[in-house]
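Heads up: the structure comes next, in structure tokens.
This one's a predicted model, so the numbers in the text were calculated from it and none came from an experiment.
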There are 2 protein chains.
Amino acid sequence: MKKFLSNISIQVNPHSYLKDPESSPLGKRIIAGSIELIEEIGFENFTFQKLAKTIKSTEASVYRYFESKHKLLQYLTIWYWGWLEYHFIFKTANIDSPEEKLKRAIILLTKPIDEDHSFAHINEVKLQNIIISESPKVFLTKEVDQENKAGVYTGYKMLVGRVSDIILEINPNYKYPHMLVSTIIEGAHNQRFFADHLPGLTDIVKGEDAVTEFYKAMVFHAIKD
Amino acid sequence: MKKFLSNISIQVNPHSYLKDPESSPLGKRIIAGSIELIEEIGFENFTFQKLAKTIKSTEASVYRYFESKHKLLQYLTIWYWGWLEYHFIFKTANIDSPEEKLKRAIILLTKPIDEDHSFAHINEVKLQNIIISESPKVFLTKEVDQENKAGVYTGYKMLVGRVSDIILEINPNYKYPHMLVSTIIEGAHNQRFFADHLPGLTDIVKGEDAVTEFYKAMVFHAIKD
DNA sequence: CATATATGATAGTTTTACTATTATTTTTGT
DNA sequence: ACAAAAATAATAGTAAAACTATCATATATG
């Protein structure tokens, strides 16, 4: 899957930035550098000073793009939801069977990504690691309601809504489609984290992608009458 | 359910504290005060200086009990897992049917708690709100592996292990019991948070505890052959 | 009642998060 | 090609947070 998105870009809610990082080379270096650095040292240890040093710029310049490191992480997660939604549309296009569409959606939402380099300055694999380890910190704050009003979570809700719609195509009487979808998205992140760091909280089955298998079976059982 | 634990206390891994807060009145004020304050202002805005002020002590005194606010939050979550495990044992004691035990376990893990005051200095309802909004921040750090080695997550794993054992009693061939249990624990927290702040990510059904109903149905469907 | 221990009062250090100012470089319109 | 505008760099500074240290005082204990 190479460069198939060469002329499109993921729209990110401007609430998360002061100046669009897509609009300049420095902005792109900030994004690329922050993905590298957050993945490497973790969000708590990440500072704009360290970022400036790695991308050979200055703290003040970074602050012209992002008001805080929290907003930068927010930007990255919004971008990721947009990226997921794009792939979702791509992967379910022209498929008639809702069961097959749902299966593909679950794979997208639970499998580690291997594709790369659709966007020159974004390392999707590292970004996904950041999403797994850091993304709950974006919404688990006292500012979540304001941010929600500002539209920060629209992309996430759209994605959940799209997958929910497929579930309702399969079973129009199923009562909890959104719950099921957000459970598998957040759950898959947790399970990947547990597999790496707290294996006692998960089940690792050799020669099998247990996370995807587990959620696939779970979803199809849950929505059956 | 009143004071039925008058002579027992929840053991917390000493890795999380410098001096046992259960061992002194000041220690108990630190715990009580931090539960109030973290619930009110959120973990990011919480500082030892603010805590000291609310409990009428000093920053330096708080630091004699906890090395950092991260360790304090860790202490609270370890205590909560111990509390849950105790309740789990209590609620499943003398029940023969594994289905009934599992049902009770799911209720315990997914329902908001209403009982109170079993432990004088701990407000369990507020503590649960903290667990919902802040507990992933305990393990989602670069220090998780060291902490795990130090036994910080033993209580969580024990709890997950106990519920998994019931699942295996019902279906010895089920491959993912730990995954299923940790999915419902973390999932229920997320869904409660979403219901309050990001309702587009969940399904609120009036006159019904949708979270508990959803996970009960999900689990029993998942473990069926 | 002497001694040890816990807490309080106070002050200090380092780091982070962020703002302000001016100089220099790069971009853009004509 | 060049002047004006915009972006970035260089530098410095402030406020608060996250600790650490010291000494005085209170409380508990043997």
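- For Thr110(B) and Thr212(B), the side-chain atoms include at least one donor-acceptor pair closer than 3.5 Å.
- Counting only residues at least two apart or in different chains, ring pair (Phe, Tyr, Trp, His ring centres under 6.0 Å) contacts with residues 45-69 of chain B comprise Phe48(B)-Tyr63(B), Phe66(B)-Tyr75(B).
- Salt-bridge formation is not detected for the pair Asp20(A)/Lys28(A): no Lys NZ or Arg NE/NH1/NH2 atom is positioned less than 4.0 Å from an Asp or Glu carboxylate oxygen.
- At a threshold of 4.0 angstrom between heavy atoms, the contacts of Phe66(B) with the nucleic acid are absent.
- Listed by first and then second residue, the salt bridge (Lys or Arg N to Asp or Glu O under 4.0 Å) pairs involving residues 32-58 of chain A are Glu36(A)-Lys126(A), Glu44(A)-Lys137(A) (not counting sequence neighbours).
- Note on Tyr65(A): a side-chain N or O is less than 4.0 Å away from OP1 or OP2 of dT8(D).
- Each end of the helix from dC1(C)-dG30(D) to dT30(C)-dA1(D) gets its own rotation axis from five pairs of C1' atoms, and the angle between them is 30° to the nearest 10 degrees.
- The side-chain tip of Lys71(A) does not point at the ring of Tyr17(A) from less than 6.0 angstrom away and within 45° of straight on.
- Within residues 13-32 of chain B, no residue places a heavy atom under 4.0 Å from DNA chain D.
- Rounded to whole Å, atom C1' of dA9(C) lies 16 Å from atom NZ of Lys53(B).
- Listed here is the closest heavy atom pair of Gly33(A) and Leu51(A): C-CD1, 3.5 Å.
- Between Thr77(A) and the options Ser135(A), Pro136(A), Ser16(A), a side-chain contact (heavy atoms from CB on, under 4.5 Å) holds for only Ser135(A).
- A side-chain donor from one of Thr202(A) and Gln191(A) sits under 3.5 Å from a side-chain acceptor of the other.
- For CD of Glu208(A), the number of neighbouring non-hydrogen atoms (other residues, nucleotides, ligands) closer than 6.0 Å is greater than 12.
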Inset, instruction - Quick one, give me the B/S/- string for nucleotides 10-30 of chain D, reading 5' to 3', where B means a protein heavy atom under 4.0 Å from the base and S means that only happens at the primed atoms, P, OP1 or OP2. - result: -B-----SBBBB---------
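- When the ring pair (Phe, Tyr, Trp, His ring centres under 6.0 Å) test is applied to Phe193(A), the partners found at least two apart in sequence or on another chain are His197(A), Phe139(B).
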